[in-house]
Amino acid sequence: MSVGRRITLLAVGIVAGLTAAAVMILIMAAARTWLGISPPPEAVPDRLAPTLSIEKFFSLFGQYGGYNGLKQFGIKVGISALVGAGVLFGLLYALVASSARGKNAPRWPGGVSRFGAIFLIGAASVLWLGSMILLWPVLASNFRGLPPSQARWVSSIALMIEYALFGATLAFTFHKIAPDNVLLQSTDGVSDVNEKLPSFGRTVGRRAILATVATALISAPSFGLIRRLYNRATFDYDGRPYSGPGVKPIAPNDQFYTVTKNVVDPNISKRVWALEITGKVDSPKTYDFDQLVSLGAIEQETTLMCISNTIGAGLFSNAVWTGVPMAALLTASGVSPDAVEVKLHAADGYTDTFAIEKALDPTTMVVYLMNGDPLPERHGYPARVIVPGLFGEKNVKWVTGIEVIDYDGQGFYEQQGWGPSFVIPTRSDIFAPQWRRGSKGDAFVDPFNRNRVATIKGRAFGGNRGIRTVEVSVDGGESWNPATIDYPGTRLTWTFWSYRWTPTTAGDIVVLSRAVDGEGGAQSSEKRGIVAQGATGYHKVTAHVL
Ligand SMILES: Nc1nc2c(c(=O)[nH]1)N[C@H]1C(S)=C(S)[C@@H](COP(=O)(O)O)O[C@H]1N2
Ligand SMILES: [Mo]
């Protein structure tokens with residue numbers, strides 16, 4: 001075969017590969033949009049994220065502009081990889097199909113050479129099996145809310161269909177552009193020398209252009225779907241704090257702090273959503289939404305805080321939740337005496353674990369209302385777990401499964417090395433007047449005036465131990481004065497406090513607070529970062545007194 005023709009056939013392979021990639025991407029985008037099936041560009045990062053160490057995780061944040069930058073990068077790499085796979089398999093297929101065996105093999109419908117087809121079926125099967133093994137833990141996710149046992153099947157079959165369509169489109173397109181009379185022409189060397197084959201380049205060229213146009217047409221709706229998903233992406237609300245002088249004891253739903261691992265959060269359909277109780281129980285059960293609601297409605301005010309909340313920051317909010325105690329669900333299924341923990345599964349593939357004793361505690365709930373309204377999508381619609389006293393990550397949103405396990409399991413973040421304790425240490429901080437975080441620490445924005453009274457306000461939180469007292473120091477921690485409790489909250493919530501201060505000397509003065517929790521435990525003064533068990537230490541804010 002002449003070099004020119006060989007190159008042309010490779011080019012045909014690339015065109016066919018790109019067409020196949022376009023079809024696969026369209027199917028994946030549609031399956032994600034309407035069926036909530038996570039495509040590999042989303043599933044692979046979800047699978048790998050928990051395997052990173054905390055240090056690696058944070059250094060990647062630094063490299064790619066934070067969690068959001070990293071998420072965007074991951075998706076871009078994923079989509080490029082799909083296109084790259086198109087090019088790679090297109091080239092491989094061109095080599096296989098134009099090899100002596102490929103050309104001489106019997107034909108399948110569409111003129112597909114059996115040898116080529118066997119190659120593609122083999123490659124697709126290997127890729128599918130590889131994907132099943134690699135992605136196994138996240139195949140149980142379904143962003144429309146199918147419970148894990150069903151989601152695993154649906155994800156596996158979807159992957160198989162996606163890969164099969166890719167292979168079929170590739171082979172079909174390749175042979176449409178370079179059909180047998182063209183492909184076989186070059187076997188006898190004679191016609192090769194016999195270079196009166198303007199038709200080869202021209203026919204192939206014309207068909208390749210048609211295939212390229214078809215690829216563009218197939219890609220157009222994918223762009224539309226991907227843009228739609230992108231518009232729902234979490235970039236503008238992941239890591240959103242609730243802080244500043246305006247914070248209220250009960251955070252409005254649309255201002256409650258938000259943290260999510262996802263690029264695009266689940267949009268769950270109540271009709272497909274279900275909650276499975278499985279594992280070490282006598283009788284596994286599945287509840288649909290109405291069945292869950294019919295189990296009862298207990299209201300419980302509870303404060304949530306992210307483990308990544310630095311002292312003074314706002315990944316921290318309080319709401320009134322309504323739902324069912326998890327104990328009711330567990331005892332209805334009969335917990336085995338071997339039970340050690342519950343492992344929670346969510347529609348986004350997120351998992352987390354805590355001790356069975358904690359799961360049976362009457363304050364641990366599966367909730368479906370937040371401040372009286374259905375849970376907002378980003379806070380876990382239609383149902384989430386509330387587990388007072390443990391960091392936010394254990395409060396699994398979009399919950400679809402409660403698995404009782406007889407070992408010490410590790411969830412999404414614990415695998416990275418967070419913990420092992422997720423008990424929220426007692427803390428207190430200042431939210432008013434407005435302060436700003438700078439390189440030299442936190443400082444009030446506006447100066448204070450000597451001999452004029454000012455009100456310092458803050459919050460204190462003792463996990464599920466409540467808050468007994470709060471004290472404020474206006475001399476850098478030398479002496480402490482009791483603060484007034486403005487909103488006591490409950491044992492499961494934060495407390496709001498205030499302190500009226502009349503500065504008497506000019507200069508820079510450090511204001512601090514400290515709390516004692518409801519069990520008499522004093523807030524630790526030891527300065528500790530968020531890694532790996534949450535921050536401790538006093539909140540210090542510098543006041544400039546004129
Ligand atoms: N399914 C699921 N649940 C999740 C998360 C998640 O990414 N997926 N993030 C966790 C983390 S780290 C925190 S801090 C809280 C935040 O809950 P919020 O956004 O309702 O404030 O949800 C937790 N539950
Ligand atoms: Mo978190």
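Predicted model only: the values in this text are computed from it and were never measured.
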Only residue of Asp265, Thr234, Asp238 satisfying side-chain hydrogen bond (donor to acceptor under 3.5 Å, both in side chains) with Thr260 is Asp265

Decide yes or no on side-chain contact (heavy atoms from CB on, under 4.5 Å) for Trp418 and Ser308, but give the supporting numbers first. CA-CA 10 Å; Trp418 294 89; Ser308 294; 4.1 Å; yes

Heavy-atom side-chain contact between Met365 and Pro388 under 4.5 Å: no

Electrostatic pair Lys261:Asp46 at N-O distance under 4.0 angstrom: yes

Residue pair Ala21 / Leu82: nearest heavy atoms and the distance that separates them: CB-O, 3.8 Å

How long is the gap from CG on Leu127 to CE on Met132, to the nearest 0.5 Å? 13.5 Å

Are Ile298 and Val367 close enough that some pair of their side-chain heavy atoms sits under 4.5 Å apart? no

I want to check something: taking the side chain as every heavy atom from C-beta on, are Leu275 and Pro147 in contact at a cut-off of under 4.5 Å? no

Quick check on Arg227: does its CZ atom have over 12 non-hydrogen neighbours (other residues, nucleotides or ligands) under 6.0 Å away? no

Between Thr536 (side chain only) and Glu526 (backbone N and O only), is there a donor and an acceptor less than 3.5 Å apart? yes

Ala359 versus Leu330, closest heavy-atom pair with distance: CB-CD1, 3.7 Å

Start with the C-alpha gap between Phe316 and Phe461, add the side-chain angles, then the distance that decides, and say whether ring pair (Phe, Tyr, Trp, His ring centres under 6.0 Å) holds. CA-CA 10 Å; Phe316 193 18; Phe461 186 39; 5.6 Å; yes

I need the full list of ring-ring contact (aromatic ring centres under 6.0 Å, His included) pairs touching residues 378-409, with sequence neighbours left out, sorted by first then second residue. Phe256-His379

Under a 4.0 Å threshold between the charged nitrogen and the carboxylate oxygen, would Lys280 count as salt-bridged to Asp338? no

Can you name the closest pair of heavy atoms from Met305 and Ile424 and give their distance? CE-CG2, 3.7 Å

Quick check against the 3.5 Å criterion: does Arg32 have a side-chain atom that pairs as donor or acceptor with the backbone of Ile37? no

Any donor-acceptor N or O pair under 3.5 Å, side chains Thr215, Thr19: yes

Backbone of Tyr350 reached by a side-chain donor or acceptor of Asp348 within 3.5 Å: yes

Apply side-chain contact (heavy atoms from CB on, under 4.5 Å) to Thr303 and Leu492, showing your working. CA-CA 6 Å; Thr303 300; Leu492 310 180; over 6 Å; no

Spacing of CE belonging to Met24 relative to OG belonging to Ser222, to within rounding of 0.5 Å: 11.0 Å

Does Phe412 CZ have over 12 foreign heavy atoms under 6.0 Å away? yes

In Å and rounded to the nearest 0.5 Å, what is the CD to CD distance from Glu341 to Glu403? 11.0 Å

Would you please test Glu414 and Lys394 for salt bridge (charged side-chain N to carboxylate O under 4.0 Å, His left out) and show each step? CA-CA 10 Å; Glu414 194 173 355; Lys394 301 279 170 184; 3.6 Å; yes

Main-chain N/O of Gly462 paired with Arg465 side-chain donor or acceptor, under 3.5 Å: yes

Arg384 and Val366: CA distance, side-chain angles, deciding distance, side-chain contact (heavy atoms from CB on, under 4.5 Å) verdict: CA-CA 6 Å; Arg384 79 174 300 170; Val366 176; over 6 Å; no

Could you check whether Arg459 pairs with Asp429 (Lys NZ or Arg NE/NH1/NH2 to Asp/Glu carboxylate O, under 4.0 Å)? yes

Just verifying a value: how many Å separate Ile226 CD1 and Ile25 CD1, rounded to the nearest 0.5 Å? 6.5 Å

Donor-acceptor under 3.5 Å (Asn68 side chain, Phe235 main chain): yes

Does the ring of Trp136 carry Arg47 above it, NZ/CZ under 6.0 angstrom from centre and within 45° of its axis? no

Side-chain H-bond candidate by donor/acceptor type, Ser428 with Gln523, under 3.5 Å: yes

Tell me if a side-chain donor or acceptor on Asp406 pairs with a main-chain N or O of Ala339 at a distance below 3.5 Å. no

Output the distance between atom CD1 (Ile386) and atom OG1 (Thr363), rounded to the nearest 0.5 Å. 10.5 Å

Any donor-acceptor pair under 3.5 Å from Ser53 side chain to Lys56 backbone: yes

Is Gln255 reaching over with its side chain to a backbone N or O of Pro252, donor-acceptor style, under 3.5 angstrom? no

Between Asn309 (side chain) and Leu315 (backbone), is there a donor-acceptor pair under 3.5 Å? yes

Between Ser524 and Arg427, is there a side-chain donor-acceptor contact under 3.5 Å, judged purely by atom types and distance? no

Cation over ring, Arg378 on Tyr237, under 6.0 Å and within 45°? yes

Are the side chains of Leu139 and Trp153 in touch, meaning some heavy atoms are under 4.5 Å apart? no

Check whether any side-chain heavy atom of Ile530 sits under 4.5 Å from a side-chain heavy atom of Thr310, and report yes or no. yes

Do Tyr230 and Gln72 have side-chain atoms, one donor and one acceptor, less than 3.5 Å apart? yes

Looking only at heavy atoms, which two atoms of Ile54 and Ala532 are closest? And how far apart? CD1-CB, 4.0 Å

I'd like to know if the side chain of Arg514 pairs up with that of Ser525 as donor and acceptor (distance under 3.5 Å, no hydrogens or angles considered). no

Are any non-hydrogen side-chain atoms of Leu120 and Leu170 less than 4.5 angstrom apart? yes

Thr493: which of Leu304, Thr302, Asn318, Ile250 passes side-chain contact (heavy atoms from CB on, under 4.5 Å): Asn318

For the pair Asp442 and Lys540, evaluate side-chain contact (heavy atoms from CB on, under 4.5 Å) and give the outcome as yes or no after the intermediate values. CA-CA 7 Å; Asp442 297 348; Lys540 300 179 183 173; over 6 Å; no

With a 4.0 Å cut-off on N to O distance, would you call Lys285 and Glu276 a salt bridge? no

Distance in Å, Leu329 CG paired with Leu292 CG, rounded so as to fall on 0.5 Å steps: 6.0 Å

Hey, do the aromatic rings of Tyr163 and Phe166 have their centres closer than 6.0 Å? no

What I'd like to find out is whether the side chain of Leu18 reaches to under 4.5 Å of the side chain of Ile14, using heavy atoms alone. yes

Ring-ring centroid check Phe422 Phe354, cutoff 6.0 Å: no

Parallel under 30°, tilted from 30 to 60°, perpendicular over 60°: which one fits the rings of Phe61 and Phe57? tilted

Could you check, using the six-membered ring where one of them is a Trp, whether Tyr93 and Phe174 have ring centers closer than 6.0 angstrom? yes

Pro362 versus Pro325: any side-chain heavy-atom pair under 4.5 Å? no

With a 3.5 Å distance limit and no angle check, can you tell me whether Thr169 reaches the backbone of Leu165 through a side-chain donor-acceptor pair? yes

Can you tell whether the side chains of Lys397 and Glu377 come within less than 4.0 Å, N to carboxylate O? no

So Tyr368 and Phe289, would you call those rings parallel, tilted or perpendicular, with 30° and 60° as cut-offs? perpendicular

